[in-house]
Each structure stands twice: as structure tokens, then as C-alpha cells.
**Student:** 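Attaching a single structure in C-alpha cells format; questions to follow.
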Amino acid sequence: MSKQEITAIRGPVLTFTGDAFVKGVKDTLVYEPDAIIAMHQGAITHFGPADTVAKNLPVDLMVKDYGKDALIMPGFIDTHVHYPQTQIIGSYGEQLIDWLHKYAFAAEQQFADKSHAKGVAKVFLQECLRAGTTTASVYCTVHPQSVDAFFEEADALNMRMIAGKVMMDRNAPAALTDTPQQSFNDSQRLIDRWHNHGRQLYSVTPRFAPTSSPEQMVMAAALWQQNPGTYLQSHLSENKAEIDWVKSLYPNSSGYLDVYDQHQLLGSRAIYGHGVWLTEEELQRCHDTGTSIAHCPTSNQFLGSGLFNLANAKQATRPVKVGLGTDIGAGTSFSMLQTLNETYKVAQLTGNPLSAELAFYLATRGSAEALYLQDKVGSIAPGMEADLVVLDMKSTPIISYRMQFCDSFAEALFLQMTLGDDRAVQATYIAGNCLYQRNS
Ligand code: GUN
Ligand code: ZN
């Protein structure tokens, strides 16, 4: 390879090699205080101590040195987010069902207009880059054009994104409902167009049990089964009134998760948002089937939904795959650092402080594992896709001041998730290209 085609960056690096909850932090955390990462044709080719890697690179290659106050990590991964709700982030006063009707469904109707959808998709993806988020599992709206708009924009940036058309045939405004057959046909056309197109991946997206009839759930399962490698995303056990509603709509199911289970909607590459109120039996079933939960702490607090018990979900005897989600627009920040801040506080309220190491694992490799993408993204190693975030460990005056009193790397890392936000993101690399640079 010629040196013009190689990008190389230098600085402290943090990454994980496996499940830090299951295998332990000591055996999975890699911290290299002065590393070089080289990238070629979208993939990482070299990673290791700077003096070792430098010997294997062309001698006159320009290496961008971010310095000792940086921290280079795999790009953050958001396992649950609604791009059409970018325009209603921070909407006051309601809990889940009323919030959906008053704000979310009102905004989503505007996505019948593809040019509106394109505009919002652009803002959303730029906010992801500013936050250092390089992959997300994204809900579009019921309109197929909202999916085309999103994938066209994500593909133009070459970001690895998972997304799908919301399927919704009841309990929503007429302008936002489809039918089982129409949702099947539209979704299949979108799968044919977008699944594995470049870095794009399709997720079959029945919004949640209350807005899909049993007939539509059957269609969702057929789409998911007939299109290998596609994803399945929905919502689960977020709010107590929602759970009661699901019981009344599906009286023959033993609980909320069982509605999805009875329709063959659990398994690898199924990701359910929230899961705040899951029972022990339901957690066991998630573990047994490899079903993932997207923990969305800023949203769960904003809507007053409840406190997800992360430590319980990750119990060593039956660990459930858990990723982190911003759940914009019920969530209140695109920043995964701020999402970690709230993850920590929610963990405290459930009686278990979350270490900084486990938190950063969750935001990167943990979320990649929840999305079954750990062979492609979420870690820094040769062969992995070259999606990176470069943090500035002294991004504000108070962080810079407080850093003087840190005695360990873990303490410095904890500060970043407690006080840091989008200002801490210096640069974001997508497939080896720097697509975001702070202050530029
Ligand atoms: N449940 C069903 N739809 C939604 C949504 O858009 N946001 C949240 N937070 N929960 C949901
Ligand atoms: Zn959601």
C-alpha cells in the first residue's frame, strides 16, 4: 500500500477485547498510553505501542499526533434511537403514552415529506458525529421514504448504521398507520434496496406490541426469518401503564416479553429498548435466546419510566446482552458520555455503582456485542472497521482543573463520563476518514 492511502493517528488508546462483565475488566481492557493506529481502505491495519508500530509503517508517513491529553477509543455505539424525534428532544411534561401522542406522533407525520426527512437525517447524523457516535440502531417512521432518506444520508457518510421502517397498524393516528400486508411489502422492498448496501443494515421494526396487531407481528417475524442477517427492533417493558395495556391487548400471553416470544421475535440480532420492568423469568428468556436489551437511562428518567437494574441484567449466572441507547427524542442527549453519566446514577439508585471501565466497555464493545457486530466495530484491532472517537481529556476548565487531582486512569476516565459531553469529542473517524473535527 502506498503511504497516500494510509491514515495514522497517535495518542493514548483504550479498547476492550471481550465481554468485560463476563470475563472481567482485567482480562479484557487494553490501555496503551502511547499508541499508533494505522488505517487503510476503511479498516484498521496496525495498532500497538507507537515505537513498535512506527517501524512497520513507511518512514515518511505523516502520523497525526493527538498528544497525551487525548484518549482514542472505538466510536461510540447507540443501540436505540429515533432519528425523526430529533426535532422534539426535550419536550415537557408527559409520560410514555401521552408523550408519544402529543409529541412523537405529531412530529413523525412530517416524514411523509422526503425532503423534510432528508433534512432531519442530516442534522441527526451530524449530531452523532459531534458526539463521537459512529454506529446506531435507528427507528425511522412508518413512511418508506423516511427510510430511504436516512440510508441515503448514512451511506453518503459511509457510516455503519442499522435502521428500519416502523410497522404500526393500530392505536396511532391514521396518517401513521399501515396494514400488515403493506408493512410487509414496504419493508421487503427496503430490505432489498438497503440491507448490506455498503455498510447499511436493515432492522425489521414493529414499533411495540400496542401498535401492532397479531397479524402484523406475524408479518414482522416472516420478514425477519426470510431475510438472513437482518435485525429486529422494538420496545419492551418501559412503563407500567404500557405493560398493563399490553396485557389487555394480548390476553393470551403470560407477559410483555411473551407477546414477542409467541410471535418468534426473540433471538440473535433482536434488540428491545428499555426492559425496565422485566421479571427474572423474562431476563432468563432473554439470556437463553440471545435477545438484547438497549438500556436508555436518560429517556427512562426523562419520561419517569423507572430504573433499569443493570447489575441484575448482567448477573453472572445468566448475563443478558445489554447495550446503551440514547433513545432520542425521549432521551435528552446525543452524547454517550452523558448517557454514561446517567447510567452510573441509575446504577447507584439500584444499589450498584458502575465502574468507569465497565461503563466505557458498555458504550463501545458491549453495545457492539448487543448488536452482534463485535467482529466489525466496537474495538480497536487490526481487521476491525476504522471507526474511532478521539476524546480530549481536558475539554472544559473544570475538567482540566479536576484532572490534576486524579491518581489513576480509572479516576480520569470516570471524570470524563461524569463531566464530559460533546465538547470532549475532538475528532470522529468513519472508515478511516476524519469526518468531524472540533473547532473546524
Ligand atoms: N415506545 C413505543 N414507541 C416509543 C418511542 O418512540 N419512544 C419511547 N421512548 N418509547 C416508545
Ligand atoms: Zn424508543
Side-chain angles (χ1 to χ4, degrees), residues 78-111 120 124 136-143 146 150 162-173 176-178 203-212 216-217 220 231-246 249 256-257 259-260 265 270-278 292-308 323-334 339 342 346 367 370-371:
D78 182 346
T79 62
H80 183 109
V81 60
H82 301 254
Y83 97 83
Q85 297 174 11
T86 303
Q87 64 193 70
I88 52 149
I89 187 170
S91 292
Y92 172 78
E94 307 294 348
Q95 295 215 348
L96 176 61
I97 304 303
D98 294 328
W99 177 90
L100 273 176
H101 282 275
K102 188 166 170 184
Y103 300 117
F105 290 164
E108 291 185 18
Q109 293 183 44
Q110 297 173 30
F111 288 70
V120 179
F124 172 86
S137 189
V138 180
Y139 288 63
C140 303
T141 67
V142 75
H143 314 95
S146 75
F150 180 77
I162 303 171
K165 177 198 120 70
V166 163
M167 303 166 74
M168 184 154 65
D169 67 350
R170 62 175 180 177
N171 293 321
L176 284 184
T177 52
D178 50 21
S203 191
V204 176
T205 308
R207 184 180 206 115
F208 68 154
T211 51
S212 284
Q216 189 166 60
M217 297 289 224
Y231 286 79
L232 185 291
Q233 62 184 350
S234 193
H235 295 82
L236 170 67
S237 288
E238 177 177 0
N239 161 295
K240 285 193 163 165
E242 171 210 20
I243 296 169
D244 291 342
W245 193 21
V246 170
L249 290 168
Y256 200 160
L257 186 77
V259 175
Y260 298 123
L265 293 172
I271 302 118
Y272 285 91
H274 306 283
V276 171
W277 300 101
L278 290 176
S292 299
I293 300 298
H295 174 29
C296 306
T298 72
S299 168
N300 293 338
Q301 293 182 94
F302 185 72
L303 293 182
S305 301
L307 303 172
F308 176 75
L324 293 177
T326 60
D327 195 30
I328 300 293
T332 51
S333 178
F334 278 85
T339 304
E342 301 309 311
V346 170
S367 286
L371 297 178

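Throughout, numbering of the chain's residues begins at 1 and tracks the sequence. No hydrogens, no waters, no symmetry mates; every other heavy atom, side chains included, goes into these values. Just so you know, ligand 1 is whichever comes first in the structure, and atom 1 is the first atom listed for that ligand.
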**Student:** Looking at Ala330, which atoms of ligand 1 are within less than 4.0 Å of one of its heavy atoms?
**Tutor:**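 In order of numbering, the contacting atoms are 9 (N).
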**Student:** Which heavy atom of the protein is the closest neighbour of atom 3 (N) of ligand 1, given with residue, atom name and distance?
**Tutor:**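 Checked against all protein heavy atoms, atom 3 (N) of ligand 1 sits closest to Arg207 NE, 2.8 Å.
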**Student:** Give the numbers and elements of all ligand 1 atoms closer than 4.0 Å to a heavy atom of His82.
**Tutor:**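 Those qualifying, in numeric order: 5 (C), 6 (O), 7 (N).
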**Student:** Can you see which heavy atom on Phe308 is nearest to which on Val346, and at what distance?
**Tutor:**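 Here Phe308 and Val346 meet closest at O-CG1, 3.6 Å.
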**Student:** Would you say the Zn ion (ligand 2) has His80 as a near neighbour, meaning an N/O/S atom of that residue under 2.8 Å away?
**Tutor:**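 Checking the Zn ion (ligand 2) against His80, an N, O or S atom does fall under 2.8 Å.
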**Student:** Could you pull out the atom name of the N/O/S atom in His235 that is nearest the Zn ion (ligand 2)?
**Tutor:**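 Going by distance to the Zn ion (ligand 2), the closest N, O or S atom in His235 is NE2.
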**Student:** How close do Leu176 and Gln109 get, heavy atom to heavy atom, and via which atoms?
**Tutor:**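 So the minimum-distance heavy-atom pair works out to CG-CG, 3.7 Å.
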**Student:** Would you give the length of the straight line joining atom CG of Asp169 to atom CZ of Arg207, rounded to the nearest 0.5 angstrom?
**Tutor:**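 Reported value, rounded in 0.5 Å steps: 13.0 Å.
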**Student:** With heavy atoms of Phe208 as the reference, note each atom of ligand 1 found under 4.0 Å away.
**Tutor:**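 Here the atoms of ligand 1 in question are 1 (N), 2 (C).
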**Student:** Checking the N or O distance criterion of under 3.5 Å, is ligand 1 in contact with Glu242?
**Tutor:**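 Glu242 vs ligand 1: no N/O contact under 3.5 Å.
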**Student:** Within ligand 1, which atoms have a heavy atom of His274 less than 4.0 Å away?
**Tutor:**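 In order of numbering, the contacting atoms are 9 (N).
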**Student:** Do the ring planes of Phe208 and His235 sit parallel (below 30°), tilted (30 to 60°) or perpendicular (above 60°)?
**Tutor:**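 Answer is perpendicular, since the angle exceeds 60°.
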**Student:** State, yes or no, whether a side-chain contact exists between Gln216 and Thr211 at a heavy-atom distance under 4.5 Å.
**Tutor:**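 Side-chain contact under 4.5 Å: no.
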**Student:** Tell me whether the centres of the aromatic rings in His80 and Tyr139 are closer together than 6.0 Å.
**Tutor:**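 Centroid distance His80-Tyr139: below 6.0 Å, so yes.
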**Student:** Would you check if Gln87 and Val120 make a side-chain contact, meaning some heavy-atom pair closer than 4.5 Å?
**Tutor:**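 Yes, their side chains come closer than 4.5 Å.
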**Student:** At under 4.0 Å between heavy atoms, which part of Asp327 makes contact with ligand 1: side chain, backbone, both or neither?
**Tutor:**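 Under 4.0 Å from ligand 1, Asp327 contributes side-chain atoms alone.
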**Student:** His101 pairs by ring-ring contact (aromatic ring centres under 6.0 Å, His included) with which of Phe105, Trp99, Tyr103?
**Tutor:**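 Only one of Phe105, Trp99, Tyr103 forms a ring-ring contact (aromatic ring centres under 6.0 Å, His included) with His101, namely Phe105.
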**Student:** Looking only at distances, can you tell me whether any N or O atom of Glu238, backbone or side chain, sits closer than 3.5 Å to an N or O atom of ligand 1?
**Tutor:**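 Right, the criterion is met.
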**Student:** Do any of the N, O or S atoms of Cys296 sit under 2.8 Å from the Zn ion (ligand 2)?
**Tutor:**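 It does not; every qualifying atom lies at 2.8 Å or beyond.
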**Student:** Have a look at Asp327 and say which of its N, O or S atoms is nearest the Zn ion (ligand 2).
**Tutor:**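 Distance check against the Zn ion (ligand 2) picks out OD1 in Asp327.
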**Student:** Is it the case that Asn300 and Glu342 place a side-chain donor and acceptor less than 3.5 Å from each other?
**Tutor:**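 There is no such pair between these side chains.
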**Student:** Classify the contact between Trp99 and ligand 1 as side chain, backbone, both or neither, using a heavy-atom distance cut-off of under 4.0 Å.
**Tutor:**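 The side chain, only.
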**Student:** Please work out, at 4.0 Å between heavy atoms, whether the side chain, the backbone, both, or neither of Ala104 comes within that distance of ligand 1.
**Tutor:**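 For Ala104, there is no contact with ligand 1 at all, from either part.
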**Student:** So, for Arg170 and Ala209, which heavy atoms are closest and what is the spacing to 0.1 Å?
**Tutor:**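 So the two residues come closest at NH2-O, 3.3 Å.
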**Student:** Can you confirm, on distance only, whether ligand 1 has an N/O atom lying under 3.5 Å from any N/O atom belonging to Gln85?
**Tutor:**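 Yes; the residue has a nitrogen or oxygen that sits under 3.5 Å from a nitrogen or oxygen of the ligand.
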